[in-house]
Every structure is written in structure tokens, then in C-alpha cells.
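Everything on this sheet refers to the single structure shown next.
Residue numbers start from 1 in every chain, and the chains themselves are labelled A, B, ... in the order their sequence lines are given, proteins ahead of strands. None of the values given here were measured: they were computed from a predicted structure.
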Amino acid sequence: DAGITQSPRHKVTETGTPVTLRCHQTENHRYMYWYRQDPGHGLRLIHYSYGVKDTDKGEVSDGYSVSRSKTEDFLLTLESATSSQTSVYFCAITPGGTAGYTFGSGTRLTVV
Amino acid sequence: QKEVEQDPGPLSVPEGAIVSLNCTYSNSAFQYFMWYRQYSRKGPELLMYTYSSGNKEDGRFTAQVDKSSKYISLFIRDSQPSDSATYLCAGSMNRDDKIIFGKGTRLHILP
């Protein structure tokens with residue numbers, strides 16, 4: 001998927017535990033995004049980054065934090081997972097020369 | 001009101017038919033409009049994008065934007081069973097800006 005990988009692909013975790021999802025890109029793109037996708041809600045922006053150490057909140061950022069210490073990696077952390085954070089998480093990049101995102105394959109997270 | 005609205009469907013049409021998928025949006029600052037296709041358990045993939053009002057054609061797909069009515073359309077000609085997927089419309093203010101998505105329309109093409 002155009003040099004963007006997410007890990008893990010699937011994860012089951014217990015309520016109250018911290019979880020970190022990783023997005024890795026190989027094409028040195030500046031902009032990276034984290035979305036969650038839920039039935040009835042569609043894709044909602046959690047956090048985004050315009051460069052190393054330059055991040056901002058999206059519309060559903062409560063309970064999530066992000067870090068970007070290197071251009072290629074954008075980490076999403078659930079500090080204390082809750083059942084409402086059960087979702088599919090997508091990372092996206094903005095490739096140069098065109099509008100729109102390229103998405104990763106997603107991480108399916110289940111909080112029990 | 002969500003910034004981009006679309007009917008969730010499902011929409012079922014016979015193979016070979018012309019499909020029309022539609023969205024409305026509320027943010028008049030949107031300049032870029034996109035259509036994504038998402039197969040089950042996969043990430044969304046960009047089908048095409050348009051800038052401002054007008055039409056854009058790519059093979060069997062035509063995207064249409066009418067900024068005066070804030071209406072976005074995608075037409076699929078000669079629909080195939082492989083077109084069965086969820087289609088997401090989206091808008092953004094600038095090319096590199098964050099994108100606002102509709103909730104998606106599920107499309108079934110019946111063989």
C-alpha cells in the first residue's frame with residue numbers, strides 16, 4: 001500500500017491496559033493521520049501530524065495520544081483502553097502531487 | 001450536522017446498470033472532493049478526486065461536483081460484481097489539508 005504499513009493488524013486487549021499502534025511509512029511524507037472507523041460513524045479523525053514533533057488533535061482525540069519522533073513513524077497510544085475504543089484504526093499519508101490520502105491496511109482493535 | 005452526508009444504503013443494482021452515488025456537504029470552503037472505495041476488511045482506496053466544480057472521468061467512473069448546490073456524485077457505468085464495496089465521499093479545503101469523510105454507501109452489484 002504505497003509504502004505505508006500498520007502494526008499490529010489485530011489486537012485484543014483488556015480494559016485499562018495501555019496500547020500502542022504503529023504506522024510506518026517509507027516515502028518520507030510530511031503529513032500523517034490516524035482515523036478510527038466504526039459502523040454508523042464512518043471515518044473520524046483522531047490525531048494528525050504535519051511533521052516531526054508537530055501533532056494536533058482531531059474530532060475524537062479524547063483518550064488518545066500520539067507521537068512522531070521520526071518522519072517515518074506515527075504512533076497512536078491508548079493510555080488506558082476502554083471498550084468504546086474497540087474499532088478499526090487506519091493510518092493515512094498524503095502522497096505528494098495529488099489530493100487525497102493513501103491508507104494503511106488498518107488495525108482491528110478489540111478491548112474486552 | 002456532519003459536514004459530509006451520504007445515504008448508507010445498501011444499494012443493490014443488477015450487473016451492467018449505471019450506478020449513481022450521491023453526497024451533500026455543508027462546508028463551502030471545500031475545494032477538493034474525493035471518492036474512495038473500500039472492500040470489506042480493507043483500507044479505503046482513492047478512486048478519484050476533483051478540484052472545485054465540474055466533471056472528471058476515469059474509465060467507467062465519472063465524478064461530478066456542483067459547488068452551487070454542495071452536491072457530489074459518482075457514476076459507475078457498466079457496473080460489475082467487483083464494484084460491490086462501500087463508497088466514501090469526502091472533501092477538504094486544501095490539497096494537503098485534513099479530509100472529512102461521509103459515512104459511506106454500501107453498494108451491491110447483483111450478477
Side-chain angles (χ1 to χ4, degrees), chain A residues 1-7 9-10 21 23-25 29-51 54-61 66 74 87-110, chain B residues 1-10 21 23-27 29-52 54 56 58 61 63 65 72 74 85-106:
Chain A
D1 285 322
I4 179 171
T5 56
Q6 292 184 234
S7 58
R9 291 296 309 276
H10 302 272
L21 309 183
C23 178
H24 178 77
Q25 55 135 335
H29 294 298
R30 187 175 157 198
Y31 305 128
M32 298 185 76
Y33 306 84
W34 276 108
Y35 282 82
R36 60 179 289 176
Q37 188 174 38
D38 304 285
H41 292 279
L43 282 162
R44 292 181 291 172
L45 182 63
I46 306 171
H47 280 280
Y48 57 100
S49 171
Y50 286 165
D54 185 1
T55 64
D56 207 346
K57 296 178 179 180
E59 66 175 298
V60 290
S61 59
V66 289
F74 192 29
S87 186
V88 181
Y89 292 85
F90 287 103
C91 177
I93 59 172
T94 303
T98 183
Y101 298 151
T102 298
F103 282 90
S105 299
T107 294
R108 190 169 295 270
L109 177 68
T110 302
Chain B
Q1 179 194 10
K2 195 166 169 55
E3 287 189 87
V4 180
E5 302 270 6
Q6 63 182 127
D7 189 318
L21 302 170
C23 293
T24 59
Y25 66 95
S26 59
N27 191 337
F30 281 171
Q31 295 276 45
Y32 288 87
F33 303 91
M34 288 137 275
W35 282 97
Y36 285 81
R37 178 175 62 197
Q38 185 175 22
Y39 292 114
S40 180
R41 295 187 171 263
K42 301 287 188 182
E45 56 176 325
L46 180 66
L47 272 178
M48 54 201 307
Y49 77 91
T50 54
Y51 173 73
S52 196
K56 187 172 184 179
D58 184 0
F61 298 89
V65 176
I72 312 167
L74 179 71
T86 296
Y87 289 80
L88 305 162
C89 61
S92 68
M93 289 188 284
N94 300 302
R95 196 178 71 178
D96 294 327
D97 204 356
K98 51 187 181 292
I99 297 172
I100 307 300
F101 290 87
K103 295 180 182 180
T105 299
R106 285 171 52 208

| Contact origin within A/Arg108 toward chain B - heavy atom pairs under 4.5 Å | side chain
| request: Hey, could you give me the NZ/CG distance between B/Lys103 and A/Leu43, rounded to the nearest 0.5 Å? | output: 12.0 Å
| Proximity breakdown for B/Asn94 and chain A, heavy-atom pairs closer than 4.5 Å | neither
| query | Considering only heavy atoms, which portion of B/Gln6 lies under 4.5 Å from any heavy atom of chain A: side chain, backbone, both, or neither? | reply | neither
| query | Using a cut-off of under 4.5 Å for heavy-atom pairs, which of A/Pro39, A/Gly106, A/Gly100, A/Ala92 has the most such pairs with chain B? | reply | A/Gly100
| note | All heavy atoms of A/Gln37 vs all of B/Leu88, minimum pair found to be NE2-CD1, 4.5 Å
| query | When only pairs under 4.5 Å are counted, which of A/Tyr31, A/Tyr101, A/Tyr50, A/Tyr33 shares the most heavy-atom pairs with chain B? | reply | A/Tyr101
| request: Report the option among B/Met48, B/Arg41, B/Met34 that has the most heavy-atom pairs separated by less than 4.5 Å from atoms of chain A. | output: B/Arg41
| If you count heavy-atom pairs under 4.5 Å between each of B/Ser92, B/Pro8, B/Pro44, B/Gly104 and chain A, which one has the most? | B/Pro44
| said: To the nearest 0.5 Å, what is the distance between CG on A/Leu45 and CD1 on B/Ile100? | reply: 7.0 Å
| request: Indicate the atoms forming the closest heavy-atom contact of B/Lys98 with A/Tyr48, along with that distance. | output: NZ-OH, 3.6 Å
| query | Mind checking whether B/Tyr36 and A/Phe103 have parallel, tilted or perpendicular rings, split at 30° and 60°? | reply | perpendicular
| remark: Taking every heavy atom of A/Phe90 against every heavy atom of B/Gly43, the minimum-distance pair comes out as CE2-CA, 3.3 Å
